[in-house]
Amino acid sequence: MVIRQQNDLGFESNVHLHGGYVTAGHDGHPMDVIAAGKSFEYHYPNHQDAASLWYHDHAHGRTSRTLYYGLVAMYVLEDDLERELDLPTGDYDVPIVIADHAFNKDGSFRYVENVDLGFRGDTLVVNGAISPRMRVERRKYRLRFLNASNARSYTLRLGSGHVMTQIAGDGGLLERPVRRRSIPLHPAERIDLVIDFRDYRPGTELVLQNTDGSGGTVAIMRFDVVRGGGEDARVPRRLKPLDPLPKPVTSRTWDLALGTAAWEINGKSFDPDRIDATPKRGTSERWTFVNHSDRVHPMHLHGFLFRIMERSSGPVALADKLGWKDTVGVLPNETVSVLAWFAPYSGKYVFHCHALEHADKAMMLQMEIV
Ligand code: C2O
Ligand code: CU
Ligand code: CU
């Protein structure tokens with residue numbers, strides 16, 4: 001797909017396809033911007049498994065603002081393997097983009113910079129509406145959740161703790177569905193759930209809650225179950241064969257926020273003229289993120305996917321073991337190891353914390369795949 005982006009913002013911006021396998025020149029590297037009034041044609045090969053990707057501005061130092069003010073959308077990739085599975089489609093396959101906001105009296109967004117925590121709003125906005133209601137028929141729905149918040153993490157719970165079936169994560173379908181009652185969703189992560197509303201009588205109102213929230217950030221949205229809904233979808237027991245784990249050729253450790261108040265990685269902040277790692281194309285490496293702070297740092301690699309191997313806080317969630325990821329929430333004082341697979345493309349890409357105020361303050365390094 002070729003998308004021509006015309007920049008009419010009056011300042012530099014660009015577009016990054018988050019989770020996409022995209023050549024370096026089209027990735028939306030933070031220094032690779034479209035000048036005001038100019039345009040650029042992004043080439044997206046779409047040579048990857050079906051997945052819920054998304055895209056957003058990535059001009060360096062400004063991303064926390066531009067995302068907050070709305071330069072965010074989902075990019076849903078489908079493929080034949082997925083189509084053969086009879087998962088819910090069409091009206092029953094619904095993207096749900098969650099962000100927290102604050103408002104001025106005139107209804108405009110209010111942005112207050114908070115470099116420590118990242119922006120925290122007092123109101124949840126779902127696909128542009130405040131805590132909306134969705135009428136659902138008594139059948140299965142596929143709901144594709146994206147946490148497009150600047151820095152807020154959520155834990156999703158349906159009603160009083162009903163079962164939700166996770167079928168996909170950042171990198172697309174899991175090896176098999178996983179039933180969960182409580183699901184963490186850190187900034188930039190995606191989770192596809194199938195919820196079977198046949199389990200509820202017509203008239204049932206189910207609130208999707210954020211158990212990490214308080215006040216206006218608890219209720220995310222409400223599902224109102226109505227009559228009707230012939231079922232033609234199913235969730236097979238196997239979704240997608242899990243690729244064998246590649247053998248790492250080397251290991252690297254990234255110290256997050258070590259010993260200073262600044263948001264740095266290995267004591268460094270982003271320098272576009274410096275290369276911080278040079279993985280070889282087609283190889284895999286074990287990367288360990290060590291969080292020395294009491295903030296969550298959702299670490300994200302551009303251009304490549306990884307598998308979560310180990311967490312110091314406890315076992316890796318089953319759903320995270322059964323699929324590929326591009327972002328992982330590294331919890332306060334936690335150590336997380338991932339196995340990253342540096343294919344298919346070579347070139348310069350960044351990796352960074354996706355708490356956007358941290359990324360804008362340069363909690364981002366650069367790798368060159370050689
Ligand atoms: Cu959502 Cu640098 O990415
Ligand atoms: Cu990205
Ligand atoms: Cu961070």
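Quick note: residue numbers are just sequence positions, from 1. As the structure lists them, so they are numbered: ligands from 1, and atoms in each ligand from 1. Bear in mind the structure is a predicted one, so any value in this text is a computation, not a measurement.
- Residue Arg190 holds its CZ atom at 7.5 Å from CE of Met74, rounded to the nearest 0.5 Å.
- Around the Cu ion (ligand 3), the two atoms ND1 of His297 and SG of Cys353 are separated by an angle of 130°, to 10 degrees.
- Residue Ile220 holds its CD1 atom at 4.0 Å from CG of Leu208, rounded to the nearest 0.5 Å.
- The N, O or S atom of His56 lying closest to atom 1 (Cu) of ligand 1 is NE2.
- Of all N/O/S atoms in His358, ND1 sits nearest the Cu ion (ligand 3).
- Of the residues listed (Phe304, Phe306, Phe351, Trp341), the one engaging Trp287 in a ring pair (Phe, Tyr, Trp, His ring centres under 6.0 Å) is Phe351, and it is the only one.
- For the residue pair Asn46 / Tyr75, a side-chain donor-acceptor distance below 3.5 Å is found, with atom types taken as modelled.
- Here atom 1 (Cu) of ligand 1 is the vertex; the ND1 atom in His18 and the NE2 atom in His354 give an angle of 100° (to 10°).
- Among the atoms of His58, an N, O or S atom falls under 2.8 Å of atom 2 (Cu) of ligand 1.
- Classified by interplanar angle (parallel below 30°, tilted 30° to 60°, perpendicular above 60°), the ring pair Tyr141/Phe197 is perpendicular.
- For atom 2 (Cu) of ligand 1, the set of nearby N, O or S atoms under 2.8 Å includes none belonging to His16.
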